[in-house]
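Read the structure below first, then the notes.
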Number of protein chains: 2
Amino acid sequence: MTNKKLTLQIDFRSGLPIYTQIVNQVQAQVASGILKPDDQLPTVRALAEELRVNFNTVARAYRILDEARIISTQQGRGTFITEIPPPKVTERLRRESLEALTQRYVSEALRQGFSKGEIRQMVSDQLKSWNESGKSEE
Amino acid sequence: MTNKKLTLQIDFRSGLPIYTQIVNQVQAQVASGILKPDDQLPTVRALAEELRVNFNTVARAYRILDEARIISTQQGRGTFITEIPPPKVTERLRRESLEALTQRYVSEALRQGFSKGEIRQMVSDQLKSWNESGKSEE
DNA sequence: TGACAATGATACAATTAGTACAATTATGAC
DNA sequence: GTCATAATTGTACTAATTGTATCATTGTCA
């Protein structure tokens, strides 16, 4: 497929640089199969406008993804998802992405004074409620 | 809201260090609700100019507030009020706070294509590793 | 006077934005 | 159909904005 929507959520106060957030999320969506080879990403300017950031910030993220062989940027043409890297790499990227996301969540929850038990319980509850109301995956 | 005015009154003859006065007043305004989470504080230079002090003095105050987890300073981006510290809130508010935090995390992880099992496992792992390397709470 | 805390000066690092340019593709006159 | 030209897309380099680190200066007080 071409020209998929690419939904990204940028948190401007998360402490993570915007370009890093873009990299992480594209990486995660590729690793999870939401983005597939030959999918075209938005142009640097289009994505920049959507996220309300400078297009160089997007370009920087794209460059990093390009160097990681996850996307292929072609001047004058556009940006595309490359071939799926070997499963080992994919799995590593997936894991790193989830790890970063989770670490932010856990450290923030602990910082706010919640116990590990409370956190574990709440995550479990939310996952369950997602079971009932939503898709039955896993 | 972002970029609120932040009115501070510095008394140069009070004997209290300037940075202490900044810390106290920001703290007070956060506690009283004048400053809310995600509000952006003035840059160290802007506030320094307004107060007619060296920007390092402001930076020092910001560093203390940052270490106290009241604000979050980010090089190249700015300074923001963090989440309201949880100390004296009721059990119900506490729970709602964790619930909101967790929901954001879980929905984001699911959106990025991770399975519930992966999420549960990763949270568990991170909580464990916090046991070993960090504080021994719970 | 000497120690120490507070403040200031200076240089630096990280992030994002601005500007000009190069490569490719689309369009239109002929 | 072919070529000139404009539009679109990514690239490179630079500037601006922000916080950080280190050391010097000042001032107070025992």
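Chain naming here is simple, since letters A, B, ... match the order of the sequence lines and numbering starts at 1 in each.
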Nearest heavy atoms of [X] and [Y], plus distance in Å:
X        : Y        : answer
B:Leu8   : B:Gln25  : CA-OE1, 3.5 Å
B:Ile81  : B:Lys36  : CB-O, 3.3 Å
A:Ile119 : A:Val106 : CD1-O, 4.5 Å
A:Leu47  : A:Val58  : CD2-CG1, 3.8 Å
A:Ser115 : A:Glu118 : N-OE1, 2.9 Å
B:Tyr62  : B:Val44  : CD2-CG1, 3.6 Å

Identify all side-chain donor-acceptor contacts of residues 17-24 of chain B below 3.5 Å with residues at least two apart in sequence or on another chain.
from: B:Tyr19; atom 1: OH; to: B:Arg60; atom 2: NH2; distance (Å): 3.3
from: B:Gln21; atom 1: OE1; to: B:Asp11; atom 2: N; distance (Å): 2.8
from: B:Gln21; atom 1: NE2; to: B:Asp11; atom 2: O; distance (Å): 2.9
from: B:Gln21; atom 1: NE2; to: B:Ser14; atom 2: OG; distance (Å): 3.1
from: B:Gln21; atom 1: NE2; to: B:Leu16; atom 2: O; distance (Å): 2.9
from: B:Asn24; atom 1: ND2; to: B:Thr20; atom 2: O; distance (Å): 3.4

Can you tell me the distance, in whole Å, between the [atom1] atom of [X] and the [atom2] atom of [N]?
X       : N      : atom1 : atom2 : result
A:Glu49 : C:dG18 : CD    : C1'   : 17 Å
B:Glu67 : D:dG19 : CD    : P     : 16 Å
A:Phe55 : D:dC13 : CZ    : C1'   : 12 Å
B:Leu47 : D:dT18 : CG    : C1'   : 14 Å
B:Asn54 : C:dA6  : CG    : C1'   : 11 Å
A:Phe80 : D:dG10 : CZ    : C1'   : 11 Å

Within the 3.5 Å criterion, strictly below it, is a donor on B:Gln112 or B:Glu108 matched to an acceptor on the partner's side chain?
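Yes, because at least one side-chain N or O of B:Gln112 sits under 3.5 Å from a partner of the opposite role on B:Glu108.
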Under 4.0 Å, heavy atom to any atom of DNA chain D: which of residues 56-66 of chain B qualify?
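Hits under 4.0 Å, by residue number: B:Asn56.
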Those residues of residues 10-26 of chain B lying under 4.0 Å from DNA chain D by at least one heavy atom
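Heavy-atom cutoff 4.0 Å gives no residues at all.
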Contact state string [nucleotides 23-30 of chain D, B base, S sugar-phosphate only, - no protein heavy atom under 4.0 Å]:
--------
Side chain of A:Arg45: nearest nucleotide among D:dG19, C:dG8, C:dA20?
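Between D:dG19, C:dG8, C:dA20, the one nearest the side chain of A:Arg45 would be C:dA20.
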Are B:Thr79 and D:dG19 close enough that a side-chain N or O sits under 4.0 Å from OP1 or OP2?
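Yes, because at least one side-chain N or O of B:Thr79 sits under 4.0 Å from OP1 or OP2 of D:dG19.
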Whether B:Thr73 contacts D:dT20 is assessed here as follows: a side-chain N or O lying under 4.0 Å from the phosphate OP1 or OP2. Is that the case?
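Yes, B:Thr73 has a side-chain N/O under 4.0 Å of OP1/OP2 on D:dT20.
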Between the side chain of [X] and the main-chain N/O of [Y], is any donor-acceptor distance below 3.5 Å?
X        : Y        : value
A:Glu99  : B:Met122 : no
A:Thr79  : A:Leu41  : no
B:Arg111 : A:Thr7   : yes
B:Thr82  : B:Ser72  : no

Between the protein and nucleotides 24-26 of chain C, which nitrogen or oxygen pairs are less than 3.5 angstrom apart?
from: C:dT25; atom 1: OP1; to: A:Arg77; atom 2: NH1; distance (Å): 2.4

Can you sort out the partners of A:Tyr105 under ring-ring contact (aromatic ring centres under 6.0 Å, His included), two or more places apart, ordered by chain and number?
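By the ring-ring contact (aromatic ring centres under 6.0 Å, His included) rule, A:Tyr105 matches B:Tyr105.
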Taking the side chain as every heavy atom from C-beta outward, state whether A:Phe55 and A:Thr43 have any pair of such atoms under 4.5 Å apart.
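Heavy-atom side-chain distance check fails, nothing below 4.5 Å.
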